[in-house]
Student: 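Let me give you the structure first, and then I'll get to my questions.
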Amino acid sequence: MNALLQKAREGNPLGIDMIDIHGHIGRYAFAIPTLNVKSIVDSMNKLGIQKTICSHMHCMGQNAENGNEEVYKAIQAYPGRIEGYISIYPFSREHVEIVVKKWLKAGFVGIKLHNANGLPYTHPHLEPAYKIANQRYLPILFHTWGDEKEFEEIEEISSSYQNLSILMAHSGACKKEKYAEFALKHQNVYLDVTFSSAPAGLLEYFTERIGAQRIVWGSDVYFLNQAQQLGKVVGCNLSQQEKSLILYNNARQLLDRIQR
Amino acid sequence: MIPLFDVQNGFAGTTKGEITVTRRENCLRQMDKCQIEKSLVRIVPDKLELDIVYSNLKLYENCAHTDRLVPCPIMVPNTANDIGTEEHQVEQALENGAGAACLRFATDHWLPEEWVDKKLLDLLNHYQLPAFIQSTNLPLEKFAELAARFPDLAFIYANAGYRDQRLFIPLLKNFKNIYLSLGTRYTVHGGIEQLVTLVGPQQLLFGSGLPSSEPMSAIMQLVYSEIDEESKRLIGAGNLNNLIKRIRS
């Protein structure tokens, strides 16, 4: 058993750098037992995770601004440990521009977009967000679930705004081949392997197809369990160097290229 | 280190579109990698396991000569006289050291109703052979009804989802003969902690979801949970060992 696996099996901090690029705070329709930010930080401390970048569960709907306020409080409470994605509900172009500028000034590091609202990612009201994000080399985390329309919309955005770091949430939850092809075609696309299951061999497949340099790790905490999500990387059959790229280096680079 | 007895493991099956069949040796290798001492095993994936008589023979053969693999054969009421009698199925299972009986209602076309299952379930109850049921094969409400009919028989609910915490707490509180496998899709932030606090650790079992899942996910969720060491040991292996000790030969 290698050293990393041994530490994980014993429940000790893993002793490697890690950034969780996909976290949430806030209540959801199904029961989440521990709805406080401290519980995320406790989980991070136990596992040895430096940073979790969070959006609010309200990213899915019209209460996005309330969600941003809550994320801001979390950032304030745990500076450097909790970072924020801006959630946007595209009421109007003006609203989107104001929201993005306001929260970037407050220190948020990216944007989270969710299509549970039934609106396309190419909705014209979102244009100011893409423009600003492109100017500042921001990461945008898109909720995806293998839908053809999602790929088409994100392809359009990726081609138009080439400075963006595009994170495809839940890559490989289905249609893993499509995700790999998409990432091969678009050099600013990163595959985020967050989702409830931990399919054996998925990370090995993505690494073989696109290389470990464009795979990032997110847990979806506290929608999902952070330790459980980390297990899929810790246990997979990749080198320590590849695991470090996925768990830390790639995310670090995405954050470092942001222009404030 | 917490000992692990995996309730949700298997090999030798395949699924639509898959050419590779996971071999018993792969299963043992994965167990070695993660230091899982023993596993209750089925033929999985089982979508194409449609001849249960052959499937069980394959399982028994694969589990022979090692006490690390405990078979969990499929059982079906013999209401149409197309397979061995219920007595034969149970006797064969016990002779081969089975740790539970896998009931696949939907897949094998039968119902958890007294007029269908009485003979089989009475036998499982008599021998205290736990019933292993996957969430995909029986809706939770039907599962609870079945457990209520046989309060002295252990029912293992596998492939539990992360969205059902609101149901699992009253389920486990009201049915002390129900055991929840924390494998594959049970990924709940603070979930194990809440179940242990509100229900206790006795009805929780460690499950890896092998071979389709990376086992370290379920392992890390358990070993990093904020519960006491004794509870981790019970969930990791103790509870399943206790269930198997209760089986009458």
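Because the structure is predicted, anything quoted here is derived from the model rather than measured.
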Student: Counting heavy atoms not belonging to A:Gln50, are there more than 12 under 6.0 Å from its CD?
Tutor: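 Correct, the count exceeds 12.
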Student: Look up atom CE in B:Met220 and atom CG in A:Asn225, then write down how far apart they are to the nearest 0.5 Å.
Tutor: 9.5 Å
Student: Just wondering, are more than 12 heavy atoms of other shown residues or ligands nearer than 6.0 Å to CZ in A:Phe30?
Tutor: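 Above 12, so yes.
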Student: Does a sphere of radius 6.0 Å around CD in B:Glu141 hold more than 12 heavy atoms from other residues, nucleotides or ligands, not counting ones at 6.0 Å or beyond?
Tutor: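 Count over threshold, so yes.
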Student: Looking only at non-hydrogen atoms, find the nearest pair between A:Gln228 and B:Thr184 and report the distance.
Tutor: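 Where A:Gln228 meets B:Thr184 most closely, the heavy atoms are NE2-O, 3.6 Å.
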Student: Rounded to the nearest 0.5 Å, how far does OG of A:Ser43 lie from CD of B:Glu226?
Tutor: 9.0 Å
Student: So what's closer than 4.5 Å to chain A heavy atoms on B:Pro215: side chain, backbone, both or neither?
Tutor: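 Interface part for B:Pro215: neither.
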Student: Tell me the closest heavy-atom pair linking B:Ser217 and A:Gly231, and the distance in Å.
Tutor: OG-C, 3.6 Å
Student: Taking CG in A:Asn237 as the centre, count heavy atoms belonging to other residues, nucleotides or ligands within less than 6.0 Å. Is the count above 12?
Tutor: no
Student: Side chain from CB out, backbone as N, CA, C, O: work out which of these in A:Asp42 comes under 4.5 Å of a heavy atom of chain B, or both, or neither.
Tutor: neither
Student: Could you tell me whether a side-chain N or O of B:Lys33 sits under 3.5 Å from a main-chain N or O of A:Leu5, the two making a donor and an acceptor?
Tutor: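 Checked: no pair found.
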Student: What are the two closest heavy atoms between A:Lys232 and B:Glu214, and how far apart are they?
Tutor: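 So the two residues come closest at CA-CG, 3.8 Å.
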Student: For the candidates B:Val223, B:Asp164, B:Leu167, B:Thr187, which exhibits the highest count of non-hydrogen atom pairs separated by less than 4.5 Å from chain A?
Tutor: B:Thr187
Student: Where is the tightest heavy-atom contact between B:Gln194 and A:Pro33, given as atom of each residue plus distance?
Tutor: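 Minimum heavy-atom contact is OE1-CG, 3.2 Å.
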Student: Is B:Leu4 close to chain A through its backbone or its side chain, or both, or neither, when contacts mean heavy atoms under 4.5 Å?
Tutor: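 Its backbone and side chain both get close to chain A.
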Student: Picking from B:Gln165, B:Arg163, B:Lys232, B:Gln30, which has the most non-hydrogen pairs under 4.5 angstrom with chain A?
Tutor: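 Max contact count across the listed options: B:Arg163.
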Student: Using non-hydrogen atoms and a 4.5 Å limit, figure out which bit of B:Ser212 sits close to chain A: side chain, backbone, both or neither.
Tutor: backbone
Student: Side chain of B:Tyr224, backbone of A:Asn12: donor and acceptor closer than 3.5 Å?
Tutor: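 Indeed, once roles are kept as given, a pair shorter than 3.5 Å links the two residues.
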Student: With a sphere of 6.0 Å drawn around NZ of B:Lys142, does it hold more than 12 non-hydrogen atoms of other residues, nucleotides or ligands?
Tutor: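 Open.
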Student: Identify the two heavy atoms, one from A:Val221 and one from B:His189, that lie closest to each other, and give their separation to 0.1 Å.
Tutor: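 Closest approach of A:Val221 to B:His189, heavy atoms only: CG2-ND1, 3.6 Å.
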Student: Let me know if A:Phe223 has heavy atoms under 4.5 Å from chain B in its side chain, its backbone, both or neither.
Tutor: both
Student: Any donor-acceptor pair under 3.5 Å linking the side chain of B:Arg185 with the backbone of A:Ser196?
Tutor: no
Student: Under 4.5 Å, heavy atom to heavy atom: which of residues 62-82 of chain A reach chain B? Give them by number, or say none.
Tutor: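 Hits under 4.5 Å: none found.
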Student: Show the nearest heavy-atom pair for residues B:Gln35 and A:Arg9, with the distance to one decimal.
Tutor: O-NH2, 2.9 Å
Student: Tell me, side chain or backbone of B:Glu193 under 4.5 Å from chain A's heavy atoms, or both, or neither?
Tutor: neither
Student: Does A:Arg252 CZ have over 12 foreign heavy atoms under 6.0 Å away?
Tutor: yes
Student: Could you check whether atom NZ of B:Lys176 has more than 12 heavy atoms from other residues, nucleotides or ligands sitting under 6.0 Å from it?
Tutor: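 Count over threshold, so yes.
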